[in-house]
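Okay, so here's the structure we're looking at.
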Amino acid sequence: MATPHNQALMGEIAKTVLMPGDPLRAKFLAKTYLQDVKQFNSVRNMFGYTGTYKGKKVSIMGSGMGMPSIGIYSYELFSYYGVENIIRIGSCGSFKEAVRLRDIIIVQGCCTDSNFAHQYELPGTYSAISDYGLLEKAVNKAKEKDVSYHVGNILSSDIFYHADQKTADKWASMGCLGVEMESYALFATAAYLNKKALTLLTVSDSLVSNEQTSAEEREKSFTAMMEIALEIA
Ligand code: HPA
């Protein structure tokens with residue numbers, strides 16, 4: 001059955017979905033890495049594809065930017081399409097000098113300034129963490145490759161252009177490695193629905209040095225992250 005945001009039919013989406021933020025990246029990755037690719041969604045141009053990687057059925061779909069967007073797509077994939085694992089493959093800003101441009105962050109957990117988890121009416125603060133099995137597999141793959149990677153906590157923020165630039169220093173002082181805008185909602189949704197999620201990030205910009213990667217550099221570091229995601233899918 002289709003949803004308001006996804007026209008796929010049950011069975012058209014694999015048990016594991018890789019989710020970049022950008023739907024055009026989903027299209028590029030599906031065409032580059034998967035065989036026998038079939039597009040399952042184009043509603044709102046949030047493209048989704050299913051194909052095979054080394055004989056294994058895998059789907060790739062855009063999540064859009066921010067927690068409301070990934071909250072919708074991940075909820076529907078888990079609830080209505082039998083998806084068991086979502087691996088977000090995204091980019092982030094670095095909070096630490098040691099976390100350099102093009103490095104990979106394998107996200108262990110995330111903090112947030114969002115009230116996404118208020119819906120669960122918990123008597124405290126929900127700590128959103130990745131699935132340990134997926135995390136361990138990703139770490140093992142990263143070790144096999146010649147890549148610089150970090151494992152740890154990040155900030156999932158609702159705000160890209162923050163009015164108070166000092167907030168980054170505060171999160172950094174609590175050990176957060178970097179900032180993106182989706183993982184907290186993805187991990188919380190997975191926990192709520194008893195499913196599995198992981199986020200892999202490449203560092204696209206630094207909030208410490210204000211450097212940014214070029215589009216071409218982003219593409220290259222994205223390739224290593226993508227291969228890790230595909231191999232553990
Ligand atoms: N802030 C939030 N999200 C991001 C950033 C950033 O600096 N870079 C990539 N995603």
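All ligand and atom numbering here is 1-based and tracks the order in the structure. Small disclaimer: the values here were computed from a predicted structure and weren't measured.
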**OP:** For atom 7 (O) of ligand 1, find the nearest protein heavy atom and state the residue, atom name and distance (0.1 Å precision).
**Re:** Asp205 OD2, 3.0 Å
**OP:** With the side chain counted from C-beta on, respond yes when Ile106 and Leu198 share a heavy-atom pair under 4.5 Å apart, and no when they do not.
**Re:** yes
**OP:** Provide, to 0.1 Å, the distance between atom 6 (C) of ligand 1 and the closest protein heavy atom, together with that atom's residue and name.
**Re:** Phe160 CE1, 3.6 Å
Subject >> Any donor-acceptor N/O pair, Ser130 side chain to Ala197 backbone, under 3.5 Å >> reply: no
Original post:
Quick check: are there more than 12 heavy atoms from other residues, nucleotides or ligands sitting under 6.0 Å from CG of Leu230?
Top reply: yes
Subject >> Identity and separation of the nearest protein heavy atom to atom 4 (C) of ligand 1 >> reply: Val179 O, 3.6 Å
Distance-only criterion, 3.5 Å: show the donor-acceptor pairs between side-chain atoms of residues 93-100 and protein atoms not counting sequence neighbours.
| from | atom 1 | to | atom 2 | distance (Å) |
| --- | --- | --- | --- | --- |
| Ser94 | OG | Lys96 | N | 3.1 |
| Ser94 | OG | Lys96 | O | 2.8 |
| Ser94 | OG | Val99 | O | 2.8 |
| Lys96 | NZ | Ala172 | O | 2.9 |

Original post:
Just by distance, with hydrogens left out, do Thr3 and Glu76 show a side-chain donor and acceptor under 3.5 Å apart?
Top reply: yes
Original post:
Numbering the atoms of ligand 1 from 1, which are under 4.0 Å from a heavy atom of Leu207?
Top reply: 7 (O)
Original post:
Is there a path of hydrophobic side-chain contacts, each under 4.5 Å between heavy atoms of I, L, V, M, F, W or Y residues, that connects Phe222 with Leu24?
Top reply: yes
Original post:
Closer than 4.0 angstrom: is that true for some heavy atom of Ser204 and an atom of ligand 1?
Top reply: yes
Original post:
Distance only, no hydrogens: is a donor on one side chain within 3.5 Å (strictly under) of an acceptor on the other, for Glu180 and Ser156?
Top reply: yes
Original post:
Hey, does Gly93 come in under 3.5 Å of ligand 1, counting only N/O atoms on both sides?
Top reply: yes
Subject >> Enumerated ligand 1 atoms positioned under 4.0 Å from heavy atoms of Cys92 >> reply: 8 (N), 9 (C), 10 (N)
Original post:
Taking N or O atoms only and a 3.5 Å limit, does Glu180 qualify as a polar contact for ligand 1?
Top reply: no
Original post:
How close does the nearest protein non-hydrogen atom get to atom 10 (N) of ligand 1, and which residue and atom is it?
Top reply: Ser91 O, 3.5 Å
